Undergrad: 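First, the structure itself, so that you have it in front of you.
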Amino acid sequence: MGDPMETFTVCPSHADVFGAGAAGAAGAAGAARNGASADESGGAYMDAVAEHCAAAEELGASAMLVYDFWQSLDPWLAGQLVLSRSSVLEPIVAVNPALAHPAVAARAVAGLCHLYGRRVNLNVVAGAKAAELEALGLDPFKGDKYERMADFIDGLRAVLRGEPHTGPWYGLRAAPPEPPPDPAMAPACWRPARVPRRSPRCCRGSTARW
């Protein structure tokens with residue numbers, strides 16, 4: 001596939017299936033009201049994703065964006081669900097430098113590519129809300145979040161190549177993940193561009209390969 005953003009859709013979140021509010025609470029409450037077990041409510045979400053994947057592929061979509069917010073299914077699990085319930089869709093997994101390390105993200109990318117033989121792309125997001133960070137015991141980030149996002153991507157690619165990386169935020173000497181990543185399935189990484197206040201939001205993509 002060329003540009004992973006040629007035609008893409010969005011993976012339904014757990015909250016989309018079980019209603020608004022905190023996804024876990026909504027799902028559990030909905031299952032209890034209907035007399036459904038946790039297995040059944042989980043099955044309902046997997047069925048919803050499978051239906052969405054089938055419709056997306058029928059319309060010619062080539063990728064599916066997976067959100068990351070705290071009241072949602074873990075984006076790596078949702079990305080794996082997209083891979084397992086589709087034939088050609090490539091997940092674009094949201095990853096937050098405030099909550100993830102580039103070496104850990106690189107390992108997840110390499111592992112999913114190995115298991116499913118498809119590329120896993122990344123949507124590197126700017127950060128989490130201060131209230132979410134506080135709830136997780138993390139201090140609000142006071143540095144340049146755009147610089148950190150760029151360094152996160154550079155560090156992740158270095159790990160996938162098995163090279164050291166020294167940047168303003170990350171210093172890495174990690175060996176490449178096992179099994180070895182396939183350079184042909186290097187992830188495209190997308191991140192928000194720095195724009196002046198009051199300007200329309202835009203997105204900057206980078207499709208450089210490791």
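None of these values were measured; they are calculated from a predicted model.
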Undergrad: Is Trp190 close to Ile153 at the side-chain level, that is, under 4.5 Å between some pair of heavy atoms?
TA: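 Sidechains of Trp190 and Ile153: no contact.
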Undergrad: Going from CZ on Phe8 to CG on Asn121, what distance comes out if it is rounded to the nearest 0.5 angstrom?
TA: 11.5 Å
Undergrad: Is Arg85 atom CZ crowded by more than 12 heavy atoms from other residues, nucleotides or ligands, each under 6.0 Å away?
TA: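 Result for CZ/Arg85: enclosed.
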Undergrad: Find out whether Val49 and Pro12 are in side-chain contact, i.e. whether some heavy atom of one side chain is under 4.5 Å from a heavy atom of the other.
TA: yes
Undergrad: Indicate yes or no: at least one non-hydrogen side-chain atom of His165 is less than 4.5 angstrom from one of Val159.
TA: no
Undergrad: So if you build clusters from Ile, Leu, Val, Met, Phe, Trp, Tyr with side-chain heavy-atom gaps below 4.5 Å, do Val104 and Val125 land together?
TA: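 Different clusters.
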Undergrad: Can you find a heavy atom in the side chain of Tyr116 that is under 4.5 Å from one in the side chain of Gln80?
TA: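 Counting from C-beta outward, Tyr116 and Gln80 do come under 4.5 Å.
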Undergrad: Nearest 0.5 Å please: distance from the CZ atom of Arg191 over to the OH atom of Tyr146.
TA: 9.5 Å
Undergrad: Could you state the interatomic distance from CG (Asp182) to NE2 (His114), rounded to the nearest 0.5 Å?
TA: 10.5 Å
Undergrad: Do Leu122 and Leu156 touch side chain to side chain, with heavy atoms closer than 4.5 Å?
TA: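 Leu122 reaches Leu156 side chain to side chain.
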Undergrad: Side chains of Glu51 and Cys53: closer than 4.5 Å at any heavy-atom pair?
TA: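 No, side chains not in contact.
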Undergrad: So do the side chains of His52 and Cys11 get within less than 4.5 Å of each other, counting heavy atoms only?
TA: no
Undergrad: Answer yes or no: is there a side-chain heavy-atom contact under 4.5 Å between Pro91 and Leu112?
TA: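 The answer is no, as the side chains (C-beta and beyond) never meet within the 4.5 Å cut-off.
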Undergrad: At what distance, to the nearest 0.5 angstrom, does OG1 of Thr9 lie from CD of Glu57?
TA: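 The distance works out to 11.0 Å.
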Undergrad: Could you walk me through whether Met64 and Ser86 pass side-chain contact (heavy atoms from CB on, under 4.5 Å), step by step?
TA: CA-CA 10 Å; Met64 184 172 286; Ser86 66; over 6 Å; no
Undergrad: Over all heavy atoms of both residues, which pair between Val120 and Val109 is shortest? Give the atoms and the distance, please.
TA: O-CG1, 4.0 Å
Undergrad: If you take all heavy atoms of Gly167 and Asp151, which pair is closest and at what distance?
TA: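 Here Gly167 and Asp151 meet closest at CA-OD1, 3.4 Å.
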Undergrad: If we ignore hydrogens and angles and just use 3.5 Å, is the side chain of Arg118 paired with the main-chain N or O of Leu83 as donor and acceptor?
TA: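 A pair under 3.5 Å: yes.
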Undergrad: Can you name the closest pair of heavy atoms from Pro187 and Arg157 and give their distance?
TA: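 For Pro187 and Arg157, the tightest heavy-atom pair comes out as O-NH2, 4.1 Å.
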Undergrad: Which pair of non-hydrogen atoms, one from Arg119 and one from Ala186, has the smallest distance, and what is that distance?
TA: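 The answer is CD-O, 2.7 Å.
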Undergrad: How close do Tyr67 and Pro75 get, heavy atom to heavy atom, and via which atoms?
TA: O-CB, 3.5 Å
Undergrad: Which atoms form the tightest heavy-atom contact between Gly155 and Pro102, and what is the distance?
TA: C-CB, 4.1 Å
Undergrad: Starting at OG1 of Thr166, measure out to CG of Asp154 and round the result to the nearest 0.5 Å.
TA: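 Between Thr166 OG1 and Asp154 CG, I get 11.5 Å after rounding to 0.5 Å.
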Undergrad: Look at the side chain of Asp68 and the backbone N and O of Val95, then say whether any donor-acceptor pair between them is shorter than 3.5 Å.
TA: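 Between the backbone of Val95 and the side chain of Asp68 there is no qualifying donor-acceptor contact (under 3.5 Å).
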Undergrad: Got a second to check how far Asp144's CG is from Trp169's CH2, nearest 0.5 Å?
TA: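 Taking CG in Asp144 and CH2 in Trp169, the distance rounds to 7.5 Å.
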